[in-house]
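All values reported here derive from a predicted model rather than from experimental measurement.
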Amino acid sequence: MFPFLSSGGVLGLNARNLLYIKPWNPRKAVAFADDKMKTKAFLSARGIPVAKIFARIGSRAELQSFDFSSLPEECVLKPNFGSGGEGIIVLSGRKKGEFLVQGKTPVSDQTLREHIEDILDGKFAVNGRNDTAFFERLLRADEALAPLRPAGLPDVRIVVFNLVPVMAMLRVPTAESGGKANVHLGGLGIGIDIAKGTTTYATQYNRRIKQLPHGISPSGFPIPRWDELLLIASRIQSLTNIGYIAVDLTLDAEQGPVLLEVNARAGLMVQVANLAPLRARLERVEGLKVGTPEKGVRIAQELFGQKARERSAAPPSPERPVLGLRETIILSGDGANAEVPALLSTKEERTIFSPRLVRELSEQGMLAPAEDGTFRVKFTLGGRKIQTIIRSAEPPDSSVRAIIGRRDLQGFLIDPGKTAPAASVRPRVREDLRAIDRFLADADHDLMLIRELKPVNLAEERIILEQDVSYNPVFRYTPLPDDVDDLEARLTALEPDDTPLGLLLRKKRRELLLRITLLRSRGDARRFTEVSGSLFGMPTAVLVTAAASQLRSRAACDLPVPEKNLLSAEQAAERFSAAIARYG
């Protein structure tokens, strides 16, 4: 159905959209990345260096009253939702009161106003909607990049996935590209070795070139502050939570590394510049557990540098986990772990769970819906934690309920002769006491009796009762939460073990189930009293007799309170304050 699924590791546009943008970049994330000013404001507040914005124009009324003389001599006019470098004008210097484009061609205020009107109308917007124009500080390339003889500001595009920078290229503007770094306009795309931070191959117009326009070799040029650039790119993905992201950074002569923009649907020219398939690298890091941007950078330099390519020619390390054709995967959820027998198959691209297994795991909170009928899931295989996207379908082998596809088998060795211990076709649930404890604590908070047992018409019924002592109040209560049935089913399904902690959790589960029964008995006095006795216990005969005796003694009820013992509110507050200070 999808021919690109066997493309040898090269990532095409359709595969990029289907496998990475749709599952990992939700619409809100894409919209956030498209909004340049919003993205920069968010990241700047979190320590990411960005260029200063001098002014913004969001409407024609603002445009008519805008004073261009208030801008500095050098700045850049940009559309907020622009893409591909369109609509950008570099203003450098003035002549006779008019800005100079690229420091050469004069442009009148009226021409600028007309251009900004085009921006406001969405002419350059990626979404085609009304846009905002803004003026930003003009960045100057670091002197270390001078040997490349850029005709503008070069930048570094870094593709990040799962916090790991997987591929990068240096984009160098040329006279043919109009001073813009966009490679589709004629700029140079130069691959970068992730580990060393040195350039490798160069391309222009989708073709490899062996020399730069001024005659020097493109390979071996060191990118200044390379590790810092990688770390900034990984931090940006961590902050924005955009799963598949391209980060464009530059080196400013004064400010150092500066963010230009983030892209949630970047092009694929980076593969041509590096002469390497992007999809193979994405698949290699998809299942890794990466906790911090620093670890993501270390993994990138270990996997994708020149040393890694040299090691790839060596025999596989015997330390790689060895799997048989049948293995057991472990999934974790609130309250339990599920052990599922699975078959390993390199014929399947994506991992498959049976529909019944999907339903059972969804009820346990172990699956999260993605898009197009797929599910996001985490499981452990061979001692490694894997985060992936699975689809629901009946496995061809009826003896298993999951098929592990080749996307999730990266980094493993498969030994067909290895036998796995026999396992039931039905997933065996093994309780995780810490997860059960968290789940029960959340349920305890949701089932607050005081809140749910107080009648909503208490005040009205009291007024009627005070007027007619023979009236029997009829109380109304707030409806039970919509998910109370689901909560009761999940509590019933929990089975803590027989350890001391497990027994304690069993008692707490019983208490919560009784709470639900008690709440359902509201309005039924006999049933409510019965369940309340099971939950809180019943008074002993001795206690009932003593209480009855006290009630029969009118003196116990009718004695007036001695006036000398009454405290005013101020006096009570003073005593409370003293007690609190004493006991801390």
Side-chain angles (χ1 to χ4, degrees), residues 33 36-54 74-76 78 85 88 90 134 136-150 152-161 163-173 179-183 187-200 221-240 242 245-264 266 270 273-274 292-301 304-305:
K36 294 181 176 59
M37 289 191 295
K38 183 177 181 179
T39 304
K40 290 184 178 182
F42 173 83
L43 293 173
S44 176
R46 289 155 179 79
I48 301 298
V50 300
K52 180 179 179 180
I53 295 179
F54 296 121
E74 295 182 333
C75 58
V76 183
K78 294 183 177 181
I88 297 176
V90 177
F134 66 97
E136 192 175 63
R137 172 177 171 262
L138 178 62
L139 302 174
R140 296 289 184 183
D142 191 290
E143 284 297 322
L145 302 176
L148 299 173
R149 295 189 184 178
L153 181 69
D155 66 50
V156 176
R157 167 161 290 184
I158 303 174
V159 178
V160 186
F161 184 63
L163 295 184
V164 180
V166 294
M167 195 169 285
M169 71 173 172
L170 177 67
R171 304 192 305 175
V172 181
K180 299 176 182 178
N182 305 85
V183 292
L188 304 179
I190 305 178
I192 303 175
D193 183 287
I194 289 286
K196 298 179 181 179
T198 57
T199 58
T200 54
F221 181 83
I223 306 297
R225 304 173 74 165
W226 177 241
D227 289 349
E228 186 177 355
L229 293 173
L230 289 178
L231 183 58
I232 290 174
S234 184
R235 282 191 60 211
I236 288 174
Q237 191 200 37
S238 176
L239 291 169
T240 60
I242 301 174
I245 190 173
V247 179
D248 293 342
L249 301 165
T250 190
L251 284 169
D252 179 60
E254 298 179 6
Q255 201 172 344
V258 178
L259 170 67
L260 295 179
E261 64 178 75
V262 299
N263 198 317
V270 66
N274 284 273
T292 64
E294 289 79 6
K295 184 176 180 180
V297 171
R298 291 196 300 270
I299 291 174
Q301 294 179 327
F304 306 129

Within the distance-only criterion (no hydrogens, no angle test), does the side chain of T250 pair as donor or acceptor with the backbone N or O of P154 below 3.5 angstrom? yes

Minimum heavy-atom distance between R235 and G47, given as atom pair plus value: NH1-O, 4.2 Å

Criterion side-chain contact (heavy atoms from CB on, under 4.5 Å) on M37 and I53, from CA distance to verdict: CA-CA 9 Å; M37 289 191 295; I53 295 179; 3.9 Å; yes

Please check: side-chain N/O of T199 versus main-chain N/O of F221, any donor-acceptor pairing under 3.5 Å? yes

Is there a side-chain contact between E74 and V90 in this structure, where contact means two heavy atoms from C-beta onward sitting under 4.5 Å apart? no

Before accepting this row, confirm whether a basic side-chain N of the pair R140/E254 lies closer than 4.0 Å to the acidic partner's carboxylate O. no

When you measure from the side chain of D142 to the backbone N and O of L145, does any donor-acceptor pair fall under 3.5 Å? no

Would you say the side chain of D248 lies within less than 4.5 Å of the side chain of R171, judging by non-hydrogen atoms? yes

Side-chain touch D252/R137, heavy atoms, less than 4.5 angstrom: yes

Closest contact, heavy atoms only, A144 versus P147: O-CD, 3.3 Å

Gap separating the CD atom of E294 from the CD1 atom of I299, nearest 0.5 angstrom: 11.5 Å

Does the K78 side chain pair with the main chain of F134, one donor and one acceptor, at a distance under 3.5 Å? no

Side-chain heavy atoms of M167 within contact of I194, under 4.5 Å: no

Reported CG-to-CG distance for the pair L139 and D155, which is rounded to 0.5 angstrom: 10.5 Å

Do T198 and W226 touch side chain to side chain, with heavy atoms closer than 4.5 Å? no

What's the separation between atom CD1 in I190 and atom CD1 in I192, rounded to the nearest 0.5 Å? 8.5 Å

Partners of R225 by side-chain hydrogen bond (donor to acceptor under 3.5 Å, both in side chains), sequence neighbours excluded? E228

Any donor-acceptor pair under 3.5 Å from Q237 side chain to I242 backbone: yes

On a heavy-atom basis, which atom in S234 and which in L163 lie closest, and how many Å separate them? OG-O, 2.7 Å

Rounded to the nearest 0.5 Å, the CD1 atom of I236 sits from the CD atom of E261 at a distance of 11.0 Å

Evaluation steps, side-chain contact (heavy atoms from CB on, under 4.5 Å), between K180 and L153: CA-CA 7 Å; K180 299 176 182 178; L153 181 69; over 6 Å; no

Is it true that K40 and E136 make a salt bridge, defined as a side-chain N closer than 4.0 Å to a carboxylate O? yes

Using side-chain heavy atoms (C-beta onward) and a distance below 4.5 Å, is V164 in contact with K295? no

Using every non-hydrogen atom in the two residues, find where P165 and I158 come nearest and quote the distance to one decimal. CB-CG2, 3.8 Å

Go through the steps for Q301 and D227 under the test side-chain contact (heavy atoms from CB on, under 4.5 Å), then give the verdict. CA-CA 10 Å; Q301 294 179 327; D227 289 349; 2.8 Å; yes

Provide the closest heavy-atom pair for Q255 versus P49 in the form atom of the first, atom of the second, distance. NE2-CB, 4.1 Å

Any T240 side-chain heavy atom under 4.5 Å of V262 side chain: no

I need the minimum non-hydrogen distance between L249 and I232, along with the two atoms involved. CD2-CG2, 3.9 Å

Any side-chain heavy atom of I48 sitting closer than 4.5 Å to one from L239? yes

At what distance, to the nearest 0.5 angstrom, does NZ of K196 lie from CD1 of I223? 14.0 Å

Nearest 0.5 angstrom please: L229 CG to L259 CG, how far? 11.0 Å

